[in-house]
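Encoded as structure tokens, the structure appears first; notes follow it.
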Amino acid sequence: MSTVPAIRLRTVNDAPPRAGGRYVLYWMIAARRTRSNVALQHARDEANARGLPLLVLEALGLDHPWASARFHAFVIAGMRDNAERLGDRYYPYVERTVGEGKGLLAALARDAALVVTDDAPVFHLPRLVAAAGKRLDVRLVAVDGNGLLPLRDAPSTPFPTAYAFRRHLQKTLPPHLARESWPEADPLAGEAASDAAPTVDPKIEARWPRGFDVDLAALPLDHAVGPVSGFPGGPVAAHARLRGFVARFGAYATDRNEPSADATSGLSPYLHFGHIGAHEVFDALAAREGWTADRVKAGGNGSREGWWHASAAAEGFLDQLVTWRELGFNVASRDPLHASYDGLPGWARATMEAHATDPRPHAYTRAQLEAGQTHDPLWNAAMRQLREEGRIHNYLRMLWGKKILEWSPSPREAYDTLVALNDRWALDGRDPNSYTSIGWVLGKHDRPWGPERPIFGMIRYMSSDNTARKYDVKPYLARWGEGATKPAARQGALFG
DNA sequence: ATCGGCTCGCGCAA
DNA sequence: TGCGCGAAGCCGAT
């Protein structure tokens, strides 16, 4: 009945579907978009099967530790796009006081034949879904739309290396690339009762008013973390970004590590908030390359080269989008320690701990780091980009992390600082991928790399001097360094 | 400019 | 049991 592969569907609770429900409710929590969204597609199938309309709830709560004007602005921009597409079927809701939103899902579910949601191993979402499953008296189905590989098509233990995971992908992925397994580009196009608006109890609307036109300044948020410039949120902006990236994709192979070049995709924030899906990014690239699924052959030995049978640039980018991104999801879905120091490999913790009492020639408090007040101008510039733009250039982010290890009193504190700064300031913080890149800095998915050094032990070392030797960092320093003039138009006027 | 060594663990071939 | 291979490393020798 469902057009979504069964391996992506998970029934969360024991409650049956409700006879006499007025709509099928899609509780949109991770895939905050209306295109290429298998959860929405499944909800639509269920609605069609019952002759019912769809209702889509997209809520934005205040009750999590990193709630800030930055993330709120980003998500609300996406609500604008989703409202455009969904019309009467859309129930956007932004909490005005902490706890105000409690009960909305259950209230809407009381008239639902079935509730569908996203199954994503991201931040607090698994706990949220589990709790909802217990509370609701109607069936809740969670749908895994995270990546090309369904999360459940892998062993129950997480992959320790990208190499091992890549080998698994090379064996397992081909059937999931087939057209019939692929998400529909526009699930709303296949909606049978699209003209019938779902009837929502007016008492619910009175208590939890629909809408997203809120005064951000009045909300209890972390306002020091302000909206970013250059990265407007939402599916429309995400697709504009994707088009731009594909248009200049030729430079990706050579310039992706060049801090001054705009050669990377910049899609990570959109992927994190679900404003675009991995399948959509894959499709855009495949179209550009004239690539078709039959070019991938089952087999392969885990090597990065010559797997996709695409250009060098495409192979490199797909290794990011598929291998590394989905490795992060694989680990996040299977390792409860994936976001903690204790989740690092044994050899990495051992070698760092053997050097825990080494003298630290430079030591900074977390506040000094957060303010970008170190002796290292390149590092300070990276921190400033993170504070102001909500991201750090891919290559410099590694250096940024390595120095936090070098300048922290202990490896455990280094890990916690990395996570805290990234969770708070990065648009794609709190994502499985963020924990992958932070973990990599401290040896995760990497190997020991001599010679043994103070503080680092056998953790792979990086230095600002070498980075400056390999890449042209002058334009980056001019943009983000100490003496740089503030870029214009940083005010958050979008949502005033 | 380019190259090997540093060093560990995995999966597969033998 | 050996072997190839691995997100971006650094360093010194040629």
Side-chain angles (χ1 to χ4, degrees), chain A residues 154-155 157-172 251-261 263-265 268 298-308 312-331 344-355 378-379 382 391-406 418 428 432-473 476:
Chain A
T157 50
F159 283 94
T161 64
Y163 183 56
F165 183 62
R166 192 179 294 112
R167 192 195 304 259
H168 177 76
L169 285 173
Q170 288 166 344
K171 274 205 291 268
T172 316
Y252 182 79
T254 50
D255 294 353
R256 70 181 124 164
N257 286 340
E258 191 62 65
S260 55
T264 58
S265 79
S268 182
N301 62 354
S303 172
R304 241 178 313 158
E305 301 296 319
W307 164 26
W308 295 98
E315 297 256 342
F317 181 70
L318 289 175
D319 207 48
Q320 302 294 317
L321 178 75
V322 185
T323 309
W324 281 95
R325 177 170 181 276
E326 301 198 14
L327 174 63
F329 279 84
N330 174 269
V331 174
L344 297 174
W347 71 263
R349 278 177 291 141
T351 193
M352 287 189 289
E353 279 157 26
H355 290 270
L378 187 56
W379 193 93
R391 62 168 190 155
I392 302 179
H393 184 277
N394 288 354
Y395 186 85
L396 290 181
R397 189 179 51 212
M398 295 186 271
L399 178 68
W400 173 82
K402 296 285 184 187
K403 296 294 116 174
I404 290 177
L405 171 61
E406 194 174 331
L418 278 162
D428 66 352
N433 287 285
S434 271
Y435 299 118
T436 306
S437 36
I438 284 169
W440 180 83
V441 164
L442 302 188
K444 190 155 195 176
H445 306 308
D446 202 12
R447 61 186 145 150
W449 215 291
E452 190 161 7
R453 290 164 207 276
I455 305 173
F456 283 80
M458 301 303 289
I459 300 288
R460 190 193 298 253
Y461 178 79
M462 291 175 81
S463 78
S464 299
D465 286 349
N466 263 297
T467 303
R469 220 166 286 141
K470 285 168 71 165
Y471 299 109
D472 181 15
V473 297
Y476 185 84

> If you check the A/D446 side chain, which of C/dA8, C/dC10, C/dG4 turns out closest?
Replying inline: C/dA8
> Reckon A/M398 touches a base, only the sugar-phosphate, or nothing at all at heavy-atom distances under 4.0 Å?
Replying inline: base
>> Rounded to whole Å, please give me the gap between CE in A/M462 and P in C/dC10.
In response: 6 Å
> Just by distance, do the side chain of A/K444 and the backbone of A/P345 share a donor-acceptor pair under 3.5 Å?
Replying inline: no
> According to the Watson-Crick and G-U wobble definitions, with both distances under 3.5 Å, which nucleotide is paired to C/dA7?
Replying inline: none
>> From CZ of A/F165 over to P of C/dC5, roughly how many Å is that when rounded to an integer?
In response: 21 Å
> Under 5.5 Å between ring centres and under 30° between planes: does that hold for A/W324 against the base of C/dA7?
Replying inline: yes
> Quick one: A/W449 CH2 to B/dG5 C1', roughly how many Å, whole number?
Replying inline: 11 Å
> Within the side chain of A/T351, is there an N or O that forms a donor-acceptor pair under 3.5 Å with the backbone of A/W347?
Replying inline: no
> If you look at every strand shown and take non-hydrogen atoms under 4.0 Å, does A/E452 touch a base, only sugar-phosphate, or nothing?
Replying inline: nothing
> For atom P, what is the distance between B/dG9 and C/dC10, given to the nearest Å?
Replying inline: 23 Å
> Under 4.0 Å between a side-chain N/O of A/N466 and OP1 or OP2 of C/dC11, yes or no?
Replying inline: yes
> Below 4.0 angstrom from OP1 or OP2 of B/dG9, is there any side-chain N or O of A/K444?
Replying inline: no
> Of all the nucleotides listed (B/dC6, B/dG9, B/dC10), which has the minimum atom distance to the side chain of A/P451?
Replying inline: B/dC6
> Do A/R391 and A/T264 have side chains that get closer than 4.5 Å, going by heavy atoms?
Replying inline: yes
>> At 4.0 Å (heavy atoms only), tell me whether A/R256 reaches a base, stays on the sugar-phosphate, or touches nothing.
In response: nothing
> When the P atoms of C/dC5 and B/dA14 are considered, how many whole Å apart are they?
Replying inline: 14 Å
> Which base, if any, makes a Watson-Crick or G-U wobble pair with B/dT7, both distances under 3.5 Å?
Replying inline: none
> Between C/dA8 and B/dG11, how far is it from one C1' atom to the other, in whole Å?
Replying inline: 24 Å
> Does A/R460 make a cation-pi contact with A/F456, if we ask for NZ or CZ under 6.0 Å from the ring centre and within 45° of the axis?
Replying inline: no
> On a whole-Å scale, what distance lies between the P atoms belonging to B/dG5 and C/dG4?
Replying inline: 14 Å
>> Are A/Y476 and A/H393, when compared by the centres of their aromatic rings, separated by less than 6.0 Å?
In response: no
>> Suppose we define a pair by two distances each less than 3.5 Å, Watson-Crick or G-U wobble; what does C/dT14 pair with here?
In response: B/dA1
> Over how many whole Å does the gap from A/N394 atom CG to C/dA7 atom P extend?
Replying inline: 16 Å
> To the nearest Å, how far apart are A/Y163 OH and C/dC3 P?
Replying inline: 15 Å
>> Between P on C/dA7 and CD1 on A/I438, what's the gap in Å once rounded to a whole number?
In response: 19 Å
> Between A/R166 (CZ) and B/dG11 (C1'), how many Å, whole number?
Replying inline: 14 Å
> Taking only side-chain nitrogens and oxygens of A/R460, does any of them come within less than 4.0 Å of OP1 or OP2 of C/dA8?
Replying inline: yes
>> Any heavy-atom pair between the side chains of A/V441 and A/W400 that's under 4.5 Å?
In response: no
> Roughly how many Å is it from CZ in A/R167 to C1' in C/dG4, rounded to a whole number?
Replying inline: 9 Å
